[in-house]
Amino acid sequence: MGIQGLLPFLKKASREANLREFRHYTAAVDAYCWLHKGAFSCADKLVRGEPTNGYVMYVMKQVNLLLNNDIKPILVFDGCNLPSKALTETKRREIRERNRKRAKDLLRQGKTREAKECFQRCVDITSEMAAEVINACRARNIDIIVAPYEADAQLAYLNLSGIAQLVITEDSDLVLFGCKAILFKMDNNGGCVLVEQEKLHHSMNVPRDKFSFDKFRNMCILSGCDYLPSLHGIGLAKACKFFSVISNPDIHSVLCKLPSYLKMPQLEVTQEYRDGFIKARNTFLYQLVFDPIDRILRPLNDYPDGNEAEDFPYAGKFIGHKQALQIALGNVNVQTGEIVNHFSPDTSKVFDFLIFLHYALCFALYECWIY
DNA sequence: CGGTCGTCCACAT
DNA sequence: TGGACGACCG
């Protein structure tokens, strides 16, 4: 869902752009977006379990678009569900199941067009589908990373650590995770919308030196995000108005002043809401991600002094560096925990070296034979 | 004015 | 599914 209406709100921080402008950049790509769009072309087959590679073709077409613009893609896939999202997931599964039955009924009645629409509404992106795309990427030497938890946080880490200078997604949450440069709405011609963190102050109508990213994050959470539904009648505009007046950094006490500051006396800010707010903020700050350079599981941002992973259980369980590496490589089915692959970047390098050696020897022998 | 709720659209041909 | 866009409500 992301943040309701965030992209229109960020109009002053955005501009039209084209992939042409980003030659020789590395881009971290939200693979789920492409998987989902690609699944539309073959929704009926996917739901009925018939074999299709339509979605793989689509993703590879998009990958080619980047390659043709001399952009190096890193495809980032979703990993395990955060505990806080488990409820949402089961609800979605139920809705999909209902749609699937309706689609089958429509099909039996011969209403093909309506059935197709229904199929499109219940496509589920499975880890098997992600695995197909991962295999296609491997075959073409395209880098992939499966996030330990949400792809969003992983994409942000790749951007913040400088591994990728760009993030490509359709999900406005990425702004909130702290990304520096994001491309939204990429089309077949490479056209897209660029949102830069440097320009966020324009949207909030404050000069650059008065802008605080903490306030921006708080504003978005208050307006309603995936981790915390909004209070009734509060959207981005009200949240922006509120946080532009507030300077006290203590969120707990600040939230109590919400009804009087916004002149909404009917508004009730419960203890539960305030706790939820802190948890949502910490999930954006400290969600666990995989560091592909040092091959460790770590929080998106460093923990405050004296804190550790156990203090933020809702931001991901600490599953250990080795398990995180196996997940990141795509060797684990994150929905079942089953080992599906034994890919290792190190043995693959050894393998590449052996191939190199083989050709070098052949060449040497050939040279000897000539003379 | 700003917030909410509904409808349409994506893919690819 | 989720975002965009237009219509209605406080």
Side-chain angles (χ1 to χ4, degrees), chain A residues 1-11 14 16 30-47 52-65 78 81 85 88-100 102-103 112-126 129-130 133 150-152 168-176 182-189 191-193 195 203-205 219-220 222-226 229-244 258-259 261-267:
Chain A
M1 242 168 70
I3 309 293
Q4 303 270 21
L6 184 57
L7 250 40
F9 183 87
L10 296 180
K11 202 142 216 167
S14 326
E16 295 280 325
D30 193 344
Y32 181 84
C33 298
W34 289 355
L35 264 167
H36 205 273
K37 282 191 186 178
F40 262 90
S41 59
C42 48
D44 46 343
K45 286 180 182 166
L46 285 171
V47 176
T52 173
N53 69 343
Y55 60 94
V56 181
M57 301 289 273
Y58 177 79
V59 173
M60 287 304 146
K61 199 181 86 182
Q62 301 289 81
V63 166
N64 275 332
L65 187 55
D78 279 296
N81 284 327
K85 277 199 173 168
T88 332
E89 271 307 305
T90 41
K91 271 184 197 164
R92 278 182 188 169
R93 212 166 296 155
E94 281 166 24
I95 292 169
R96 272 198 298 264
E97 204 49 48
R98 236 173 288 153
N99 267 310
R100 175 199 295 245
R102 208 188 315 160
T112 333
R113 216 185 319 124
E114 282 138 300
K116 183 158 188 170
E117 275 172 33
C118 227
F119 277 133
Q120 291 181 334
R121 232 164 282 170
C122 62
V123 261
D124 179 21
I125 307 303
T126 62
M129 290 167 68
V133 173
E150 291 178 307
D152 299 19
I168 299 177
T169 184
E170 301 298 328
D171 185 351
S172 53
D173 270 357
L174 269 295
V175 187
L176 198 45
I182 311 170
L183 300 183
F184 293 99
K185 303 181 198 304
M186 192 180 105
D187 65 28
N188 293 338
N189 302 315
C192 45
V193 175
V195 175
S203 300
M204 299 184 69
N205 296 313
M219 172 189 83
C220 293
L222 190 64
S223 82
C225 64
D226 285 357
S230 84
L231 296 163
H232 221 280
I234 307 264
L236 275 169
K238 292 247 173 75
C240 181
K241 194 196 270 179
F242 181 65
F243 280 108
S244 21
L258 204 60
Y261 272 55
L262 291 177
K263 298 189 175 70
M264 297 170 80
Q266 78 288 6
L267 208 62

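Atoms considered below: every heavy atom in the structure, side chains included; atoms not considered: hydrogens, waters and symmetry mates. Convention: sequence-line order gives letters A, B, ...; per-chain numbering from 1.
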Within the structure shown, what part of the strands sits under 4.0 Å from K241(A) by heavy-atom distance: base, sugar-phosphate, or nothing?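 Counting heavy atoms under 4.0 Å across all strands, no contact is made by K241(A).
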
Considering every strand and a 4.0 Å limit on heavy-atom distances, what is the contact class for L7(A): base, sugar-phosphate, or nothing?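 Since only primed, P, OP1 and OP2 atoms lie under 4.0 Å of L7(A), the category is sugar-phosphate.
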
Taking [atom1] from [X] and [atom2] from [N], how many angstroms apart are they, rounded to a whole number?
X       : N       : atom1 : atom2 : value
Q4(A)   : dT1(C)  : CD    : C1'   : 13 Å
K11(A)  : dC5(C)  : NZ    : C1'   : 11 Å
F40(A)  : dG2(C)  : CZ    : P     : 11 Å
Y55(A)  : dA12(B) : OH    : P     : 14 Å
D44(A)  : dT13(B) : CG    : P     : 14 Å
L10(A)  : dG3(C)  : CG    : P     : 13 Å
F184(A) : dG3(C)  : CZ    : P     : 10 Å
K37(A)  : dA4(C)  : NZ    : P     : 11 Å

Reckon K185(A) has a side-chain N or O less than 4.0 Å from the OP1 or OP2 of dA4(C)? yes

Is a side-chain N or O of D78(A) found less than 3.5 angstrom from the main chain of A151(A), in a donor-acceptor match? yes

If we ignore hydrogens and angles and just use 3.5 Å, is the side chain of N189(A) paired with the main-chain N or O of G191(A) as donor and acceptor? no

Of all heavy-atom pairs between C42(A) and G38(A), which one has the smallest distance, and what is that distance?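 In terms of heavy atoms, the two residues are closest at SG-O, 3.8 Å.
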
Shortest side-chain distance from D171(A), nucleotide among dA12(B), dC11(B), dG3(C):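 Per side-chain heavy atoms of D171(A), the pick is dG3(C).
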
Is [Y] close to [X] at the side-chain level, that is, under 4.5 Å between some pair of heavy atoms?
X       : Y       : answer
W34(A)  : M186(A) : yes
I168(A) : Q62(A)  : no
F9(A)   : S172(A) : no
D173(A) : E150(A) : no

Short N/O separations, protein against nucleotides 3-9 of chain B, under 3.5 angstrom:
residue: dG3(B); atom: OP1; partner: G235(A); partner atom: N; Å: 3.2
residue: dG3(B); atom: OP1; partner: K238(A); partner atom: N; Å: 2.9
residue: dT4(B); atom: OP1; partner: G233(A); partner atom: N; Å: 3.1

